[in-house]
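All remarks here apply to the structure that follows.
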Amino acid sequence: MLLGNLQAFGLRFESLSRRDLLRGALGSAGCLALSAARINSSASTFDEPELTRSYPDGRPAARLRLAAIDHGPIIRHGDGPAGCDSLGAREAICFRVGSTFYLHYDGAGATGWLACLAVSDDLRQWNLKGPVLELGKPADDDAGTASSPWTVFDGNYWHMFYVGSRTTSPAPNRIPAVPYFTLAAKSLHPEGPWVKQRGVVPLQTKPATYYADTASPGQIVQRGDEYLMFFSAAAYTNEPQRRLLRTLSIARTKNLDGTWRIDAHPALPPEQQIENSALYFEGSNQTWFLFTNHIGLDQGGEYTESIWVYWSKDLNRWNPERRAVVLDQANCKWSKRCIGMPSVVPVGGRLALFYDSSATHSGDMGRDIGLAWLSLPLRIPG
């Protein structure tokens, strides 16, 4: 099968009939080569139809592109202090305070996956600080991992919402295992130190719901006196061969030290197979852009395949058909197979897109942190 290798290059055809005619005459390989030849590498975005692709289980594919221009790796695993990321660096979550960029990432080291910090003033040179959280005690909700933190400032305190899990795969990889929870920590400074709030459990999994196996944190935005968190939700099906269905949903609170109310229905259907969120509001067209990680499927199984984006005028209403590919192997040439978790930060007239990938590994380990760019203002694909 061509899954995983059939990449979504943009096509510039004057009409659907001409596109179909070319597909029929050239076949898949011919269309792929023609598409690659027509990509303008000097452009910052492409607004193109995708090549038709499919997955063995019929999960939806994206038919449009809003493609970023890739810069490549900016943080290599193994460069962190004391071997904190010797086995991998992934889940890049960046935010800006003044002229300083703070980037949390999951460092996979000897004891497990922990949230690590890198600091930069120019996105080129990074000061790798090492872990900002430690594992919990046995049986704690973060005994397996304390990672992937999203932060928000309330005017007085910095609040951190991070992923916790109780168990992992065996050493040396120690990959966190579901269920995933959202836990909390607090600091007076964006760099820390962070104090875990053991009495605060923002999000827990709940049996027989769409978040039965995962309720992990995502980006938080404030609307009026309420905070909205776009969190990752997942639940296994009840089929003989169980599948994990992943999506995004919204949790709400008016007190960052209190409880969160989870929406009864997810923001997007679980069949979309997406996880992790990053939001950007484009003022020129009054549109929210929701970046997320699409989970693909090929002969090797499920994997973090690409970065997608959805768009909406209303934070509370999302149309699953309004989606496009932002970053995959078509425009991330150094990626061997996987492309993981996005976060975005506006920088001048561009939007910085942070992600993880690997030039040497095809699975969960050995990843590095990458950077890509989108020109602003963002256009609505199609």
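Hydrogens, waters and symmetry mates are skipped; everything else that's a heavy atom, side chains included, is used. Quick caveat: nothing in here was measured; it's all calculated off a predicted structure.
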Stepwise side chain to side chain contact (heavy atoms under 4.5 Å, CB included) test for Tyr210 and Ile262:
CA-CA 11 Å; Tyr210 65 86; Ile262 294 176; 3.4 Å; yes
For Arg65, is there an ion pair with Asp328 - N to carboxylate O distance below 4.0 angstrom?
yes
With no hydrogens and no angle check, do the side chains of Tyr303 and Asp364 hold a donor and an acceptor under 3.5 Å apart?
no
Give the C-alpha distance, both sets of side-chain angles, the deciding distance and a yes or no for side chain to side chain donor-acceptor pair (under 3.5 Å) between Asn316 and Arg223.
CA-CA 11 Å; Asn316 294 293; Arg223 303 292 284 173; over 6 Å; no
Checking side chain to side chain donor-acceptor pair (under 3.5 Å) for the pair Thr253/Asn255: CA distance, chi angles, key distance, verdict?
CA-CA 5 Å; Thr253 190; Asn255 178 10; 6.0 Å; no
Do side-chain atoms of Asn293 reach the backbone of Thr304 as a donor and acceptor pair under 3.5 angstrom?
no
Residue pair Ile220, Leu228: steps toward the side chain to side chain contact (heavy atoms under 4.5 Å, CB included) verdict
CA-CA 5 Å; Ile220 300 162; Leu228 279 64; over 6 Å; no
Shortest non-hydrogen separation from Ala146 to Leu135 and the atoms involved
N-CD2, 4.0 Å
Under a 4.5 Å cut-off applied to non-hydrogen side-chain atoms, are Pro138 and Asp140 in contact?
no
Hey, are the side chains of Phe354 and Met341 touching, using non-hydrogen atoms and a 4.5 Å cut-off?
no
Are Glu282 and Lys313 within salt-bridge range, i.e. N to O under 4.0 Å?
no
Between Asp314 and Ser312, does a side chain to side chain donor-acceptor pair (under 3.5 Å) hold up when you go through it step by step?
CA-CA 5 Å; Asp314 185 346; Ser312 175; 5.8 Å; no
Where do Arg252 and Asp263 land on the salt bridge (Lys or Arg N to Asp or Glu O under 4.0 Å) test, with the steps shown first?
CA-CA 8 Å; Arg252 307 166 192 271; Asp263 285 3; 2.8 Å; yes
I'd like to know if the side chain of Asn127 and the backbone of Leu117 have a donor-acceptor N/O pair within less than 3.5 Å.
no
Do Leu64 and Leu66 share a hydrophobic cluster (ILVMFWY, side-chain heavy atoms under 4.5 Å, transitive)?
yes
Heavy-atom check, side chain of Leu378 versus side chain of Thr287, under 4.5 Å
no
With a 4.0 Å cut-off on N to O distance, would you call Asp141 and Arg166 a salt bridge?
yes
One should read off an interatomic distance between Leu87 CG and His361 NE2, to the nearest 0.5 angstrom, of 8.5 Å
So, do Phe153 and Trp158 have ring centers that fall under 6.0 Å from each other?
yes
Between Tyr55 and His294, ring centroids under 6.0 Å:
yes
Derivation and outcome, side chain to side chain donor-acceptor pair (under 3.5 Å), residues His77 and Asp368:
CA-CA 5 Å; His77 77 279; Asp368 302 315; 2.7 Å; yes
How far does OG of Ser343 sit from CH2 of Trp150, to the nearest 0.5 angstrom?
5.0 Å
Salt bridge flag under 4.0 Å for residues Arg198 and Asp142:
yes
Using a cut-off of 6.0 Å, state whether more than 12 heavy atoms not belonging to Arg337 lie near its atom CZ.
yes
Is the shortest heavy-atom distance from the side chain of Tyr157 to the side chain of Lys186 under 4.5 Å?
yes
Flag yes if more than 12 heavy atoms outside Asp57 fall under 6.0 Å of its CG atom; otherwise flag no.
yes
Between Trp260 and Phe161, does the ring centre distance come in under 6.0 Å?
yes
What do you reckon, is CD of Glu239 surrounded by more than 12 foreign heavy atoms closer than 6.0 Å?
yes
Do any N or O atoms from the side chain of Ser148 and from the backbone of Val163 form a donor-acceptor pair under 3.5 angstrom?
no
Indicate, with yes or no, if Leu374 and Val344 share a hydrophobic cluster defined by side-chain heavy-atom contacts under 4.5 Å among Ile, Leu, Val, Met, Phe, Trp and Tyr.
yes
Donor-acceptor pair between Trp308 and Ser306 side chains, under 3.5 angstrom:
yes
Min side-chain heavy-atom separation Leu245-Gln273 under 4.5 Å:
yes
Membership question, hydrophobic clusters at under 4.5 Å side-chain separation (ILVMFWY): are Phe281 and Ile250 in the same one?
yes
Taking the six-membered ring of Tyr236 as reference, does the cationic atom of Arg242 (NZ for Lys, CZ for Arg) lie under 6.0 Å from its centre and within 45° of its axis?
yes
Side chain to side chain contact (heavy atoms under 4.5 Å, CB included), that's the test. Do Leu268 and Arg323 meet it? Break it down for me.
CA-CA 11 Å; Leu268 291 157; Arg323 63 182 185 268; over 6 Å; no
Would you confirm whether Ser147, through its side chain, and Asp106, through its main-chain N or O, come within 3.5 Å as a donor-acceptor pair?
no
Parallel, tilted or perpendicular, as decided by the 30° and 60° cut-offs, for the rings of Trp334 and Tyr355
tilted
Quick one, Glu302 and Arg59 - any side-chain contact, counting heavy atoms below 4.5 Å?
yes
Main-chain N/O of Glu191 paired with His189 side-chain donor or acceptor, under 3.5 Å:
yes
Tell me if a side-chain donor or acceptor on Thr168 pairs with a main-chain N or O of Ala177 at a distance below 3.5 Å.
no
Quick one: pull up CH2 in Trp318 and CZ in Phe230 and give me the separation to the nearest 0.5 Å.
5.5 Å
When you measure from the side chain of Gln222 to the backbone N and O of Gly224, does any donor-acceptor pair fall under 3.5 Å?
yes
Quick one: do Tyr280 and Phe289 satisfy ring pair (Phe, Tyr, Trp, His ring centres under 6.0 Å)? Show the steps, please.
CA-CA 5 Å; Tyr280 173 74; Phe289 289 83; 7.0 Å; no
Can you confirm whether more than 12 heavy atoms, excluding those of Glu134, are under 6.0 Å from its CD atom?
no
Would a 4.5 Å heavy-atom cut-off, applied to side chains only, mark Tyr162 and Lys196 as touching?
yes
Please report the C-alpha distance between Val325 and Ile307 in whole Å, then the side-chain angles of each, then the deciding distance to 0.1 Å, and finally whether the side chain to side chain contact (heavy atoms under 4.5 Å, CB included) criterion is met.
CA-CA 6 Å; Val325 176; Ile307 305 301; over 6 Å; no
Taking the inter-plane angle between the rings of Phe231 and Tyr211 on a 0 to 90° scale, is it parallel (under 30°), tilted (30 to 60°) or perpendicular (over 60°)?
perpendicular
Would Val119 end up clustered with Leu123 when hydrophobic side chains under 4.5 Å apart are linked, directly or stepwise?
no
Closest contact, heavy atoms only, Gly258 versus Val200:
O-CG1, 4.1 Å
Would a hydrophobic clustering, with Ile, Leu, Val, Met, Phe, Trp and Tyr connected at side-chain separations under 4.5 Å, put Leu244 with Leu297?
no
Donor-acceptor contact present, side-chain Thr292 to main-chain Asn276, <3.5 Å
yes
Under the 3.5 angstrom rule, does the side chain of Ser357 hit a backbone N or O of Cys338 as a donor-acceptor pair?
yes
Flag, side chain of Gln329 to backbone of Ser335, donor-acceptor distance under 3.5 Å:
yes
Could you tell me whether Glu271 and Arg243 make a salt bridge, using a distance below 4.0 angstrom between a side-chain N and a carboxylate O?
no
Check whether any side-chain heavy atom of Lys336 lies under 4.5 Å from a side-chain heavy atom of Ser358, and answer yes or no.
no
